Number of protein chains: 2
Amino acid sequence: MKPKRSVPALMDVARRAGVGAATVSRVINGGQNVSARRLAAVQQAIEELGYHPNQAARSLKGARTKTIGLVVPSVADPFFSAAAEAIQEVARGHGTLLLLAVSENQSAREQEQVASLIQRRIDGLILAPSDGADFSMFKHAGFPVVCFDRPFPGQDIPVVLSDNYAGAKAATEHLVKAGRKRILCLSGDPQLFTSKRRVKGYRDVVRAAGLPYLAEVSVQDHESAVAALTPYLSGRSRIDAVFSIKNAITVSAYKILRDAGLEVPKMVAIAAYDDFELADTLDPPICVVRQPVVGIARRAAEMLFEALDRGQVQTKMVKMEVELIHRASCGGHSR
Amino acid sequence: MKPKRSVPALMDVARRAGVGAATVSRVINGGQNVSARRLAAVQQAIEELGYHPNQAARSLKGARTKTIGLVVPSVADPFFSAAAEAIQEVARGHGTLLLLAVSENQSAREQEQVASLIQRRIDGLILAPSDGADFSMFKHAGFPVVCFDRPFPGQDIPVVLSDNYAGAKAATEHLVKAGRKRILCLSGDPQLFTSKRRVKGYRDVVRAAGLPYLAEVSVQDHESAVAALTPYLSGRSRIDAVFSIKNAITVSAYKILRDAGLEVPKMVAIAAYDDFELADTLDPPICVVRQPVVGIARRAAEMLFEALDRGQVQTKMVKMEVELIHRASCGGHSR
DNA sequence: GTGAAAGCGCTAACAA
DNA sequence: TTGTTAGCGCTTTCAC
């Protein structure tokens with residue numbers, strides 16, 4: 001009798017322990033209604049065989065897969081990696097694993113990844129949707145979806161996000177109060193929901209204050225940051241403040257100003273969206289709007305599991321407050 | 001006839017298209033040997049129903065799950081989140097999804113997570129093992145494993161890592177050449193493989209140079225960094241260089257020295273392991289040993305897929321070279 | 001080219 | 001307390 005080559009199945013355990021399949025099933029599901037003798041026998045067989053129940057077979061029977069999906073633009077981004085960590089932690093608390101997918105903010109990729117997740121019959125999905133996210137991909141998907149950081153375009157899907165508009169407003173107002181007159185707004189992809197809200201917050205404030213609306217909204221990397229900023233560094237179009245809306249750009253702006261010899265905050269103030277690890281260590285420390293990343297992610301995950309437990313989600317939108325962290329780069333008084 | 005409530009199955013498609021199950025199966029697997037007429041009918045039914053094949057059922061039949069596991073100490077850590085991104089990218093190229101698990105460097109958690117992955121019948125596993133990783137958890141697992149960043153303790157599992165010893169040696173030698181006499185080595189968990197190798201590199205150099213071996217190897221956070229460094233900031237035990245071995249500690253050390261009024265590099269030089277985003281932006285820029293994170297992760301993933309394709313892994317260990325990035329904090333000449 | 005039917009590993013209903 | 005058995009959704013012979 002040749003032992004079957006592959007991984008042991010429940011029947012192998014049953015045979016080795018000299019019991020029926022159902023008994024093994026009972027044992028691996030809590031061991032209720034099983035005599036001590038057989039329980040021990042089965043446990044020993046499991047141990048000896050290194051048996052692990054096949055989840056695929058279980059979920060075929062209609063059980064939960066104990067797996068949720070997470071789709072983010074990138075895990076390399078500190079915002080989303082912190083979120084991923086928090087979500088995975090909540091999931092772990094529910095005995096659930098995380099299937100990670102990366103969309104790069106491209107709806108085609110997003111769709112492809114979601115299709116892949118649907119095939120795996122995830123119990124639920126947490127998603128930071130791309131701008132062009134298409135709801136039809138969820139047709140007949142059969143699981144709850146919770147968005148975070150951004151809402152699902154044109155769809156009433158539960159979402160947890162922060163108050164981007166208020167945050168940008170607060171930061172801009174702070175600059176205005178500090179006496180800045182020409183505030184340049186720097187942003188990445190102008191299509192991005194978060195960018196749009198933040199730019200709007202900035203705009204409403206400068207408009208109300210009668211200041212010029214100066215925005216460069218398509219800064220992608222250091223090179224384009226140089227290109228975008230240079231015209232504003234001297235002459236009559238010279239600015240006296242920068243409001244950076246995108247994490248990665250902030251540092252570029254800081255370096256460019258410094259390299260151009262423009263003293264911060266004396267000549268040009270800086271305020272930025274998203275706190276970062278060394279914001280308080282740079283010279284001068286950078287004034288930022290801080291989002292409760294972990295709080296947002298955790299809340300989204302909790303909402304998903306509520307939906308899983310209770311059957312339905314009650315809350316449609318949770319908007320978290322952000323915090324303006326006053327630091328010297330604003331040139332403002334801490335009040 | 002009530003339409004079944006849940007997600008559509010292959011049979012639903014078959015019935016709607018008026019064909020047999022096998023035909024639908026053929027269509028979703030490439031559509032070979034199917035008449036154009038039925039192919040169209042089936043595709044339409046799939047579209048209308050929003051049908052997605054159930055992977056669980058497929059893998060029950062013995063097919064690959066097209067899913068690999070990734071176990072890291074933390075995804076919030078920039079090193080591991082960059083690695084995760086790279087690995088997910090390679091996986092995507094192979095039509096494979098990533099099941100993400102976090103061990104927090106605790107072998108119990110690691111074991112629990114791996115068990116969970118085994119149940120999901122992953123095709124393979126990429127792992128940054130904890131110090132106490134127990135090989136027995138893979139008993140009968142039936143899939144290839146590749147480690148990265150650290151080898152599996154006492155086990156001959158394929159691994160991709162960087163030359164921690166050489167990197168630490170190079171950094172320390174650089175400090176020695178710059179004339180430093182009292183070099184303090186700061187490290188986190190002394191049990192960690194990478195820490196041990198780096199400390200050894202440091203030690204061998206200071207010993208050979210006849211300099212004192214000064215090490216604080218259990219620095220966890222900013223508070224403990226303060227506690228560890230303070231005794232060395234003044235008096236006769238005063239140091240003239242710090243070699244920080246752990247990412248998170250480096251910035252703490254930098255701040256502590258700065259706050260203590262010890263000029264860098266004039267009074268105290270700094271060299272550190274692992275490059276970080278703002279290392280070149282701080283004042284002074286921090287001299288670091290840079291690991292090819294993405295290269296390491298990608299290579300590990302590629303090795304796993306090679307093992308999956310070819311059946312076996314050939315390489316047992318890949319050691320990547322690191323690079324010493326000269327920056328002003330060392331007080332050295334750039335050569 | 002096509003469909004019927006067996007079986008992958010498991011759970012749950014039922015019988016004993 | 002037990003074991004037997006019928007599927008879960010799919011792929012894969014094997015006839016037609």
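Please read these numbers as outputs of a predicted model, since none were measured by experiment. Residue numbers start from 1 in every chain, and the chains themselves are labelled A, B, ... in the order their sequence lines are given, proteins ahead of strands.
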Discussion item. Near DNA chain C, counting only heavy atoms under 4.0 Å, which residues of residues 33-54 of chain B show up?
Written reply: B/Asn33, B/Val34, B/Ser35, B/Arg38
Discussion item. Any side-chain N or O of A/Arg58 below 4.0 angstrom from OP1/OP2 of C/dC10?
Written reply: no
Fill in: B/Ile118 CD1 - C/dG9 C1' separation (whole Å)
17 Å
Worksheet item: For B/Ser103 and B/Glu110, does a side-chain donor sit closer than 3.5 Å to a side-chain acceptor?
Response: no
Practice prompt. Check step by step if side-chain hydrogen bond (donor to acceptor under 3.5 Å, both in side chains) holds for A/Thr65 and A/Asp123.
Written response: CA-CA 6 Å; A/Thr65 54; A/Asp123 296 335; 3.1 Å; yes
Fill in: side-chain hydrogen bond (donor to acceptor under 3.5 Å, both in side chains) between A/Arg120 and A/Ser116, worked out
CA-CA 7 Å; A/Arg120 262 145 263 226; A/Ser116 207; 3.0 Å; yes
Worksheet item: Is there side-chain contact between B/Asn54 and A/Gln119, with heavy atoms separated by less than 4.5 Å?
Response: no
Worksheet item: In whole angstrom, what separates B/Ile28's CD1 from D/dT12's P?
Response: 11 Å
Worksheet item: Does the D/dG3 base have a donor-acceptor partner in the side chain of A/Arg26 within less than 3.5 Å?
Response: yes
Worksheet item: Under 4.0 Å between a side-chain N or O of B/Thr23 and OP1 or OP2 of C/dG3?
Response: yes
Fill in: Distance, rounded to the nearest Å, where B/Gln32 contributes CD and C/dT2 contributes C1'
15 Å
Practice prompt. Name the residue closer to the 5' end of DNA chain C, choosing between B/Ala22 and B/Gly62 according to the nucleotide with the nearest heavy atom.
Written response: B/Ala22
Response to the item:
Atom CD of B/Gln55 and atom P of D/dC10 are separated, to the nearest Å, by 10 Å
Item to complete: Tell me, yes or no, whether the heavy-atom count around A/Met317 atom CE, taken from other residues, nucleotides or ligands under 6.0 Å, exceeds 12.
Response: no
Item to complete: Starting at atom CG of B/Asp12, determine the distance to atom P of D/dC8, rounded to an integer number of angstrom.
Response: 11 Å
Response to the item:
When rounded to whole Å, the CE to P distance for the pair B/Met11 and D/dC8 reads 11 Å
Worksheet entry | Rounded distance (Å) that lies between atom P of C/dC10 and atom CG of B/Leu60 | 8 Å
Worksheet entry | Touch class at under 4.0 angstrom, heavy-atom based, for A/Val19 against every strand present | sugar-phosphate
Item to complete: Using a strict cut-off of less than 4.0 Å between a Lys/Arg side-chain nitrogen and an Asp/Glu carboxylate oxygen, indicate whether B/Arg298 and B/Glu89 qualify as a salt bridge.
Response: no
Worksheet entry | Phosphate contact (D/dT11 OP1 or OP2) by B/Ser25 side-chain N/O below 4.0 Å | yes
Worksheet item: In whole angstrom, what separates A/Arg15's CZ from D/dT4's P?
Response: 12 Å
Worksheet item: Under 3.5 Å, side chain of A/Arg109 to main-chain N/O of A/Asn105, donor-acceptor pair present?
Response: no
Worksheet entry | Side chain B/Lys61 and base C/dG7 donor-acceptor under 3.5 Å | yes
